[in-house]
Amino acid sequence: MIKILIIMFCGIFSGFIFRKKKSFITFADKSAGWSIYILLFLLGLSVGNNKEVINNFTNIGFNSIIITLSGVSGSIILSFIIYKIFFKNNESL
Amino acid sequence: MIGSIIIVLFFSVGVLAGINGISSSFLKINDPSTYALYLLMFLVGIGIGSDHQVWNVLKKMNFKILIVPLIVITGTLSGIWICSFFLKEIGTLDMLAIGSGFGYYSLSSIIISQMRTETLGVTALLSNITREIFTLLATPLLVKYFGKLAPIASGGATSMDTTLPVIAKYSGKEYAVISIFSGVVLTILVPFIIALIYSFL
C-alpha cells in the first residue's frame, strides 16, 4: 500500500511541475477517466464471475446502506454540534 | 452526475458480461489490474497536482475551515465504529475502510477490492454511491434541521464536485468555499486513510 501512496505523491509532484502544460494535463485527466472506467468494468466482470457476490447481492446492498447511514449520521451529528459552537452566530467565514 | 452514471454503467456492463459467461480468468496472468491501479493513482495524482483550485483552496486554510474535513473523518469513523458492534458480518476494519471512501466510490472500491476481496470492493462501491445519492436528495432537509455544515459533512469527498451545486444552493454561496475545501482534502486523503486503517490488519 505504501507503494500506491508513493506513486500518488509522484503524480502530485509531476502534476504540479507540468501544471502549465495544458495538453499533458488534459491527456492525464482523460486517461484517469478511462482507467477508472476500465478498472470498474473489470471489477464488474470478476463480480459477475463470482457466484458468492451474485448470490449475496441483496445482503451486500443492505450492508452497504447500513455502513453509509451510520457514517453519514455520525458526521452530520458532529457537524451540527460544531456548527452551533463555531459557525452559527459568526457568519463571517 | 452524468459522470457517475457512466461509471455505474461500466460496472454494470461488466457484471452482466461476467454473469453471461465472459470469463475474467485472463486477468489472473501477472495480475495486470495491480499495475492498472498504480497507473490510476499516478494519473489521479497528476490531476490533483495540476489543479489550481486545490492550491488556491489550501492557501485559504484556517482553523474554522480546517475543522470541517476533520469533522467528516471523525464523525464518519465513529458512527461506523458504533455500528460495527451491531453488524457482525463485516470486520470492523473493513467497515471503517469502506466508510473512508467518503463518497469517492470509484477509487475506494478499486483499492479495497485490490487489497481485500471483491465482495468488500462491491460493498464499498454501493456504500459510497449511496452517500452521494443521499446527499443530493437530503440536502434541503439536512440544512433545515442540522445546519449549513450538515450537507458538506454528508457529502464527504463529493462536496467539491457532484454535490457542490446543491450544497451551494441550500447552504449558501459563502459555504461553497468550505465545501470545496473539505471535498478536496478528503479526496486527497481517501487512499491514505484506507491504507492507514489496513495497516492495523
Side-chain angles (χ1 to χ4, degrees), chain A residues 1-5 7-19 25 28-29 31-32 35-50 52-54 56 60-61 63-68 70-80 82-84 86-88 91 93, chain B residues 7 10-15 17-19 23-24 27 33 36 38-50 64 67 71-72 74-76 78-80 83 87 89-90 95 98-99 106 110 113 118-119 121-123 126-127 130-131 134 142 146-147 149-150 153-154 174 191-192 195 198:
Chain A
M1 198 61 200
I2 193 80
K3 226 170 168 182
I4 287 186
L5 300 180
I7 291 168
M8 191 174 159
F9 264 122
C10 297
I12 293 178
F13 186 70
S14 338
F16 183 69
I17 298 292
F18 295 110
R19 67 191 181 285
I25 300 301
D29 270 349
S31 319
S35 326
I36 287 177
Y37 296 154
I38 292 167
L39 281 166
L40 280 172
F41 173 76
L42 293 177
L43 177 62
L45 202 58
S46 35
V47 163
N49 278 288
N50 188 331
E52 196 193 315
V53 176
I54 295 300
N56 283 316
I60 292 175
N63 290 342
S64 326
I65 290 173
I66 296 295
I67 295 174
T68 306
S70 57
V72 166
S73 315
S75 49
I76 290 173
I77 293 168
L78 197 57
S79 81
F80 185 49
I82 298 293
Y83 179 70
K84 287 256 179 192
F86 291 111
F87 288 82
K88 203 178 178 187
E91 290 291 332
L93 298 167
Chain B
I7 283 177
F10 269 93
F11 175 73
S12 317
V13 170
V15 173
I19 292 176
S23 170
S24 62
L27 293 176
S33 51
Y38 292 161
L39 178 67
L40 174 63
M41 294 308 299
F42 184 69
L43 294 170
V44 166
I46 291 179
I48 293 170
S50 64
K64 260 176 109 173
I67 202 174
I71 291 170
V72 184
T74 321
T76 304
S78 14
I80 291 176
C83 175
L87 188 67
E89 211 172 308
I90 306 177
M95 285 178 69
I98 290 166
S106 49
I110 291 167
S113 66
E118 279 158 20
T119 309
V122 175
T123 314
L126 294 178
S127 170
T130 312
R131 186 164 189 154
F134 173 83
L142 292 178
F146 298 99
L149 281 183
S154 169
E174 66 274 26
F192 292 88
Y198 280 140

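Note on naming: letters A, B, ... go to the chains in the order of the sequence lines (proteins, then strands), and numbering restarts at 1 for each one.
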Asker: Only pairs of heavy atoms separated by less than 4.5 Å count here; which of B:A153, B:G79, B:S50 has the most with chain A?
Answerer: B:S50
Asker: Check whether A:F18 gets within reach of chain B through its side chain, its backbone, both or neither, counting any heavy atom under 4.5 Å.
Answerer: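 Neither part; nothing is under 4.5 Å.
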Asker: Taking all atoms of both residues into account, what is the closest heavy-atom pair of B:G147 and A:F80, and its distance?
Answerer: N-CD1, 4.3 Å
Asker: Sort out for me which of B:I98, B:I46, B:T74 touches chain A most, counting heavy-atom pairs under 4.5 Å.
Answerer: B:I46
Asker: Heavy-atom pairs under 4.5 Å with chain B - which of A:S73, A:G71, A:G74 has more of them than the others?
Answerer: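 Maximum pair count with chain B is reached by A:G71.
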Asker: Which region of A:S31, side chain (C-beta onward) or backbone (N, CA, C, O), has a non-hydrogen atom less than 4.5 Å from a non-hydrogen atom of chain B, or is it both or neither?
Answerer: both
Asker: Would you compute the distance between atom CZ of B:F10 and atom CG of A:L45 and round it to the nearest 0.5 angstrom?
Answerer: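 Those atoms lie 13.0 Å apart.
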Asker: Test your reading of the model: is there a side-chain donor-acceptor pair from A:N56 to the backbone of A:E52, 3.5 Å cut-off?
Answerer: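 The answer is yes, because a donor-acceptor pair under 3.5 Å joins these two groups.
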Asker: May I ask you to establish whether B:R131 and B:F134 are in a cation-pi arrangement, using a distance under 6.0 Å from NZ or CZ to the six-membered ring centre and at most 45° from the ring axis?
Answerer: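 No, a cation-pi geometry is absent between B:R131 and B:F134.
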Asker: Any non-hydrogen side-chain atom of A:R19 less than 4.5 Å from a side-chain atom of A:F16?
Answerer: yes
Asker: Which heavy atom of B:L40 sits nearest a heavy atom of B:I110, and at what distance?
Answerer: CD2-CD1, 4.0 Å
Asker: Quick check for you: among A:G48, A:C10, A:A32, which has the greatest number of heavy-atom pairs under 4.5 Å with chain B?
Answerer: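 Ranked by contacts with chain B, first place is A:G48.
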Asker: Can you tell me if B:S127 and A:T68 form a side-chain donor-acceptor pair at under 3.5 Å?
Answerer: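 Looking only at side-chain atoms, A:T68 and B:S127 do form a donor-acceptor pair, the distance falling under 3.5 Å.
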Asker: Name the option with the most non-hydrogen atom pairs under 4.5 Å to chain A; the candidates are B:L142, B:I71, B:I90, B:T130.
Answerer: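 Option with the top pair count is B:I71.
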Asker: Using non-hydrogen atoms only, which part of A:I77 is less than 4.5 Å away from chain B: side chain, backbone, both, or neither?
Answerer: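 A:I77 has no heavy atom closer than 4.5 Å to chain B.
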Asker: Heavy-atom pairs under 4.5 Å with chain B: which of A:I82, A:V53, A:I76 has the most?
Answerer: A:I76
Asker: Given heavy-atom pairs under 4.5 angstrom as the criterion, report whether the side chain, backbone, both or neither of B:F146 touches chain A.
Answerer: both
Asker: Name the option with the most non-hydrogen atom pairs under 4.5 Å to chain B; the candidates are A:I38, A:I65, A:L43.
Answerer: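 Of the options given, most contacts go to A:L43.
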Asker: Determine the minimum heavy-atom distance between A:I66 and B:C83, stating which atoms define it.
Answerer: CG2-SG, 3.5 Å
Asker: Below 4.5 Å from any heavy atom of chain A, which atoms of B:S78 appear? Answer side chain, backbone, both or neither.
Answerer: neither
Asker: At a 4.5 Å cut-off on heavy atoms, which part of B:L126 comes close to chain A: side chain, backbone, both, or neither?
Answerer: both
Asker: For B:G99 and B:I80, work out which heavy atoms get closest and say how close.
Answerer: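 Smallest interatomic distance, heavy atoms only, reads CA-CD1, 3.4 Å.
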